[in-house]
Number of protein chains: 2
Amino acid sequence: MPSARPPRPATLTDVAAEAGVAPSTVSRAFSRPQRVNRHTREHVLAIAARLGYEPNPAAQALESGRTRTIGLLVPDITNPYFAGVIKGAERAAAAAGLTLMLGDTQENPTQEEAMVQRLRRAVDGFVLSAPRLSDDELLAAADKGPVALVNRAVPGLACVVADFDSGTRQIVDHLASYGHPSFVFVGGPAESWSGRRRWRGLRTAARRLGLEATRFGPFQPKLAGGPAAADAVVASGATAVVCHNDMLAIGLMRRLAQRGLRVPDDVSVVGFDDIFGADFCNPPLTTLAERTEDAGARAVEALVRQLPRRTTDQPARVLPTELVIRASTGPVPDRAG
Amino acid sequence: MPSARPPRPATLTDVAAEAGVAPSTVSRAFSRPQRVNRHTREHVLAIAARLGYEPNPAAQALESGRTRTIGLLVPDITNPYFAGVIKGAERAAAAAGLTLMLGDTQENPTQEEAMVQRLRRAVDGFVLSAPRLSDDELLAAADKGPVALVNRAVPGLACVVADFDSGTRQIVDHLASYGHPSFVFVGGPAESWSGRRRWRGLRTAARRLGLEATRFGPFQPKLAGGPAAADAVVASGATAVVCHNDMLAIGLMRRLAQRGLRVPDDVSVVGFDDIFGADFCNPPLTTLAERTEDAGARAVEALVRQLPRRTTDQPARVLPTELVIRASTGPVPDRAG
DNA sequence: CAAATTTTGGCAAGCGTTTGCCATGTGACC
DNA sequence: GGTCACATGGCAAACGCTTGCCAAAATTTG
């Protein structure tokens, strides 16, 4: 063994020299196994293993243009809803040999745009979860590279969305069955597509069943948005509230409790997402469950599918939703007067 | 304007040609502003802006060896504790112009090792949150590149840890003040350094105050670990329980409720972390709060500090903890017999 | 057995930057 | 007016890998 082992990490060239073949052969032994004789390949692989060779991703990316990395942007990492999406995406990405670059856009369209810009050259594509960007901006982004959307449908783009039509109908059915003549929808950010979708579904279902639906908001889709929403609800005298998401619903319930209102005796509360915590808050929250990990995983898969070449048409993948009835909803209160 | 705008993204060379300078000048205009005449620089920058030039990160990484990216590995993304760490790390990384690569190790040392291996060449350094690897393995990893640890202290490595000594003392004081003669510690994974640290602190504090402390476990540090832990606790007849973390504590409380035990009337429960949900579960959980976002941010800062050159010595940064007393703890029950 | 075909491996040209080194221009200093 | 130092810009060699193209070898075909 004449050649000294270099102190720096072994390169493909080192392996080639040690194995007595050309660098191209080593490269192909890894990336196009069938392009090289089995015997040669095994020899090369053995040498590579002995030298502890690991390809330099930067060099690979430079030449091939592929980074084996995808960007995942979420509005708020600390919202357990997105934690689920991240987990699912991470799993699917790992399965595809891809690495995840994570960005927290802080519910901010400007920030989102900036992150897409900044990461664009560093990733092979984006999964955008609940993006706050406009359709046009999203389309523009998709023009420069593969994109998959979670809970946002834009014609022509790969989308994974929850089945809000059926879900909102379930919610309204549930409320109607308890005798509520009306409800208020506590809305989230105006830019939220899923928020608009939820409201649309609720309103349609309400009309069909003869309930009256009112929309309040916008409110921050976090615990912190709850108090303001709760106060508006109290002032309105509503008997039932559907909140933009569980964070808001939980924040609202806490404020309601502070103000002496009982859930569900005085007010029924429904959320969206079925996040971690929805089943052990007090009372346990009735909410529309979404398969968040699936959503993340499906989005990555959709992205992977367009990685080699962009496919022509991408049908929106819609995920089932399911109303989880817990203790935060109940019959309409019997208020004399 | 003689040169046609290329359809592909503009490269540094394009900018150089258009500006009538050498590529090296363009490069320096960006990376070493003071190395080039102000007039020239402004001209170059203007051309670059007009051409929409953005440096190719792969090419930069290849030549410079720096990727402007750091890896963040956590045991479980869906644990809100780590969501906080991630958020803080993301913020600090963005502030330093760095991007985060995220990995979920699934509480699995093997997985953790594999991810470090896989990402090593793609990042400038790692933040390892609650790593399950052994000290030696961690040291070995640090030998190949910068590393910062969260809630794990290894001599010679940059560490950010919560102040468990003071924290555990607060817990035991609290329990003692309620008259509990003893308590059990419901332990998490054996590989968890912070778990060992917590137990050590509790035991020491217990001895000092004349309480008896027993350790159960290991249990999974998730909601799912709660039932088994609860049953063990019930069987033991303990009046107070300190859990490895809040997830476990909440899972345990739910099981306790199912079995007809009231918290805190029959059993007091204390957790660690003060995660999202700890304040609105039923009853609200007494727990040791940790500044998770700070922890993430500090770790990234410590990492950034060793990015240009490794510093000689890294004192562990210790973060304050604070006991949040809520409703899950109370006086020792008055059990006749 | 020669010709045609398929495998297999090597050559060399990049991919888009950074950076060490050198050449020039400019002003300062004596 | 000459010497020096410094500011500025260019040259060219990497960085480690991929890939189009070609040649040699092996295999099939007529």
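Lettering of chains follows the sequences in order, A, B, ..., and the numbering in each one begins at 1.
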What is the nucleic acid contact for [X], judged by heavy atoms within less than 4.0 Å: base, sugar-phosphate only, or nothing?
{"X": "Arg32(A)", "value": "sugar-phosphate"}
{"X": "Tyr53(A)", "value": "sugar-phosphate"}
{"X": "Arg66(B)", "value": "sugar-phosphate"}

**OP:** Respond yes when some side-chain nitrogen or oxygen of Gln60(B) is under 4.0 Å from OP1 or OP2 of dG16(C), and no when none is.
**Re:**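 No, outside the criterion.
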**OP:** Using only side-chain N and O atoms of Ser27(B), determine if any of them is under 4.0 Å from OP1 or OP2 of dT18(C).
**Re:**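 Looking at the OP1 and OP2 atoms of dT18(C), one of them is under 4.0 Å from a side-chain N or O of Ser27(B).
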Original post:
Over how many whole Å does the gap from Glu63(A) atom CD to dA13(C) atom C1' extend?
Top reply: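 Taking atom C1' of dA13(C) as the reference, CD of Glu63(A) is at 9 Å.
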**OP:** To the nearest Å, give me how far apart CG (Leu12(B)) and C1' (dC15(C)) are.
**Re:** 13 Å
Original post:
Are Glu90(A) and Leu72(A) close enough that some pair of their side-chain heavy atoms sits under 4.5 Å apart?
Top reply: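 No; the side chains remain at least 4.5 Å from each other.
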Subject >> Per-nucleotide pairing state of DNA chain D [Watson-Crick or G-U, under 3.5 Å; [ ] pseudoknot-crossing; | other strand] >> reply: ||||||||||||||||||||||||||||||
Subject >> Terminal contacting nucleotides, 5' and 3', DNA chain D versus chain B (heavy atom, 4.0 Å) >> reply: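 The contacted stretch runs from dT8(D) to dG16(D).
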Original post:
With the threshold set at 4.0 Å, does a side-chain nitrogen-carboxylate oxygen contact exist between Glu18(B) and Arg50(B)?
Top reply: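 So Glu18(B) pairs with Arg50(B) through a salt bridge.
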Original post:
For the base of dG16(C), is there a side-chain donor-acceptor partner from Arg121(A) under 3.5 Å away?
Top reply: no
Subject >> Point-to-point distance, once rounded to the nearest 0.5 Å, from CG of Leu128(B) to CG of Leu138(B) >> reply: 6.0 Å
